[in-house]
Every structure is written in structure tokens, then in C-alpha cells.
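Note sheet for the following structure.
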Amino acid sequence: NDCDGTPDRGCLTFGPSDLLVESSTEHAVHPAIAGDDTRGVIVGYLQRPAEAEVHLAGWNDGAGTWTDPAATRMDWDDPGIDYDEDAMGAAVAMSGGRAYIAWEEMRQRTIGSMNLSYRNVYFRRSTDGGSSWDTEVRLDVGQDTDSFSVEIAAYGNDIYVVWENMETDRSRHVYIAASSDGGATFSAPVQVDHTVAVGPPVAGEPAVAAGAGGDVYVVWRDNRHGPGAIYANASDDGGATWLGADIRLDPRFIEAESSAPVIAADGSGYVLVAWEDETPDGADAKWKILSAVSDDHGVTYGTGLRLDDDPLPHDSFTPQVAIDPLGAAGHVVWRDMRNGLADIYCRSVDLGTLTWAATSLRVDGGAAGMAHSFAPRVAAGAGGQVWVAYEDDRTGLRDIFMNYSLDGGDNFQPTDFRVDTDGPGTADSIHPLVVATSFGAMVVWVDYRRGTGMLGDLYSRVVYLP
């Protein structure tokens, strides 16, 4: 698995240079990425001329170019008014050559005798991979209060959009709208959580994953026990009905903060969840990375396992998860401070046996603990590829680096690779995203090389399989 001169399965090829995703002169940030097996990739992002707008760019590997984002503004734009409400939080998905985007947006409207602006959830779809888009649909119908933290998942014709809604008593709950016809129509919102708490219940930070045959899984953080706890629920009928009781995933022996849940699933009923957890481990009260796995379509989960395996107390943050399309393995990456400054680590699980790798593997290069590595993202390919992208400031300002495994996460390359191709450390490159595709992988990030540190652009680079 060492592409540095050792015979193996073949080394990968990076695109010759990074490409500008959008050509506007405005600030472009907060990208979201999705790809599918048709060699297509879409990126939704936030653009800020005055108020925030949601835009989208599409990639076709056959052409090797991005579409002109000037024609792909997704949110509402009414030229008859002198204000334009903020849109934000784009989430994207692709399935079967179709593309989907959901976002939250504040629009002024009259409710009773008052003119009010709340965040609502909107959705658009493309049936031709992103070339053209249907008219938007509002999903949080009947919720005339704030809806936000939008996430989306797709499997075949099944599309699921989740969000948290703040109600008039300041409580927050997790809702889902589902489509079984490729986004042509959606169900009314269904509340997923069963949160009851002293004071206003707060269920938030939702994440969603889709499986085959109408399987859909949601995980979130809520306050029913005081400190934040991690809960999950599942549906096997496309989100119409859910398990009667939410499943708690974080440890129960003491109440401590848990947060930042993430989830991945495949079409065979495997579900992988990870989160940050402050539950004490002996004298260790630092933040840890925990994970739980289900092999029965989210009906039950194994006991949460601590993944950051250094015996000395240290903080670990920002987990991300992926399951390969064939369901052979799952992977968790995170930011880990065991060596001093943060490094990036990965640990994998064999889903067939539910056996975790004996130890976690360091992914970033350079001397351990001597530079800051941030914001890891992971994607998994059908051939055992594991792609990890992250920020790293080893050369000055932050650059984007990548490492990969060709054997299901058992080994990573001994040297990682810098992805952005401007001068090393001369301008910040941040917020990387990575998606596995039929040609290999695509990395997208926010780059300040043209904006003197003030205005960000989106750049991309491809990695091709041998």
C-alpha cells in the first residue's frame, strides 16, 4: 500500500493543478459536496454580495470543467423588493444521476398582522445531474418559526431532509421530510425525537443517513438528561413511522457533555455513528471520540467504543465518518492532540465482524504534534479506498493536504500530499471536503489566494484511480 516505490495496487494520479470552482468576485464559503457513479460532482455554497445567497456548481469529469455558477443561484431572488433575505446552510446529495440541494432561508412574510422573518427549509432537484433545476419547494410546511441545521441524504429514489425547529416556547425538535419519488413530492414534516426535559427540551445537531428499501437513520444531540446526550432513531418505511423509543448511544454511568454526532449507512443495514464525548475515563476528563455501530438497520447499537486510544489524557474533536459503498468497512477520522498540536487520526471497523482495528492510525504528515491539522473529512470508495483531506499549517498559513488508503484503512501512505497548488503557506486554504467518485476522489476547499485574506474562493482538485 506504499506508493513511494513499493509494488502495490498502483499509485494514484492527481489532477495537474487545482481548478477555480466559481469565478465571482464575491466571498464564497461554507461549501457542501456530493457525487455519484455517473462521474458527476455538485458543490453547494454560500456567497455573500450583501446578504447571503446559496449557489451551486456542477462538475462533469468528461469535460473536466465546472459549470458557470452565475446561472445557478438556488435561493429566492425577488427584483421587486429592496432587500434580499439571507439564505445559508446548503446541503447537497446525488443519486442515480439526479442532484438535490436543501437550505435554510429567511424570507419576510405576513403572519397575522405582523411582518416577520423566520428561517425556513427549501429544496430543489435536478433530474439531469445538475444541468437544470426544478422550482423550489418549501419543506417545513406549517412551521412558522425558525428551522435550521439542514442536512440531506439520498438512496435511489428516496430523499430525506432533516432539520431542527425552534418552537414558540423555545423548545427545539428534529423533523424530517421524505420523498420516495426522487424529490418530486415530499411528506409533511414528521418529528423524529421523543425528547422530554425539565424546561424547554432541546433536540438539535441532526445528521441523517439513508439505506435501501426505505431505511433512514437520524442521530442528534438533546438535553433530556441535562448535559447533551446522543440519541438515534430509525425508520424502515421511508420516514413515515419511527421506533417508539429513541436509542441513547453515549455512556450512561455518568451524565457528561456529548456533541457533534455524525452518521453513515449502507444498503445492507449497517449504521456507523461517532461523536465527541466528555465522559470521564478514570482520571481523564478530556474530550474523546466515541463510536457505536448497528448491524440490524438501526434497531440496536453496540456499546459506544472510545477510538482515540492514547493512554494519556488529551482532547480529541470533530469526528467524521464514512462507510464504503459495498458495506465492507466503516471509517472514523478526527482531530487528536495526543502529540501536542493536533494531528489527524483514523480508525476503521470491519462491518462483517464488527471488529475495530487494534489501534488508530496517524494520517497527517510531518513531525507529530508540531503543526496544527484541522477539519478532517473522509470518504470511502467501493474498491477499499479511504480518502482523508484536512487543513495543515506546517508551511506557514494553512494549506490543504490529503492522504489515502488502498486497503480499507489498514494502511495509509507514508507521506501525505499537498492539494492546493499556490505557494506553500502563502494564503489560507480552509474547510476541505472530499467525495469518492467513480474516477477516484474530488477535494474542494475555500481558498484566499485571490482575496488578500478577506474574500474566499472555492477551488478543487481531482485524484484519479490507476
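- Minimum interatomic distance between Gly267 and Tyr155 (heavy atoms only, all atoms of both residues): CA-OH, 3.5 Å.
- Judged purely by distance below 3.5 Å, without hydrogens or angles, the side chains of Tyr459 and Arg461 never pair a donor atom with an acceptor atom.
- There is a side-chain donor-acceptor pair under 3.5 Å between Ser316 and Asp336.
- Smallest separation of non-hydrogen atoms from Gly97 and Asp36: N-OD2, 2.9 Å.
- In this structure, Asp308 CG and His314 NE2 are separated by 4.0 Å, a value rounded to the nearest 0.5 Å.
- Classified by interplanar angle (parallel below 30°, tilted 30° to 60°, perpendicular above 60°), the ring pair Tyr175/Trp163 is parallel.
- A distance of 7.0 Å separates CG of Asp277 from CH2 of Trp287, quoted to the nearest 0.5 Å.
- Across Tyr390 and Pro376, no two heavy atoms sit closer than the pair CB-CA, 4.1 Å.
- Donor-acceptor pairing under 3.5 Å is lacking for the side chains of Asp343 and Tyr345.
- The aromatic rings of Tyr231 and His225 sit parallel, their planes meeting at an angle under 30°, below the 60° perpendicular limit.
- The closest side-chain donor-acceptor pair between Asn120 and Ser147, if any, does not fall under 3.5 angstrom.
- Side-chain polar atoms of Asp309 and Ser360 form a donor-acceptor pair below 3.5 angstrom.
- For Asp447, the salt bridge (Lys or Arg N to Asp or Glu O under 4.0 Å) partners are Arg449, not counting sequence neighbours.
- Note that CD of Glu104 and CG of Asp140 are 10.0 Å apart. Values are rounded to the nearest 0.5 Å.
- Nearest heavy-atom pair across Leu307 and Ser291 is CD1-CB, 3.7 Å.
- Trp387 and Gln385 form no side-chain donor-acceptor contact under 3.5 Å, judged by distance and modelled atom types alone.
- A donor and an acceptor atom, one from each side chain of Thr145 and Glu167, are nowhere located under 3.5 Å apart.
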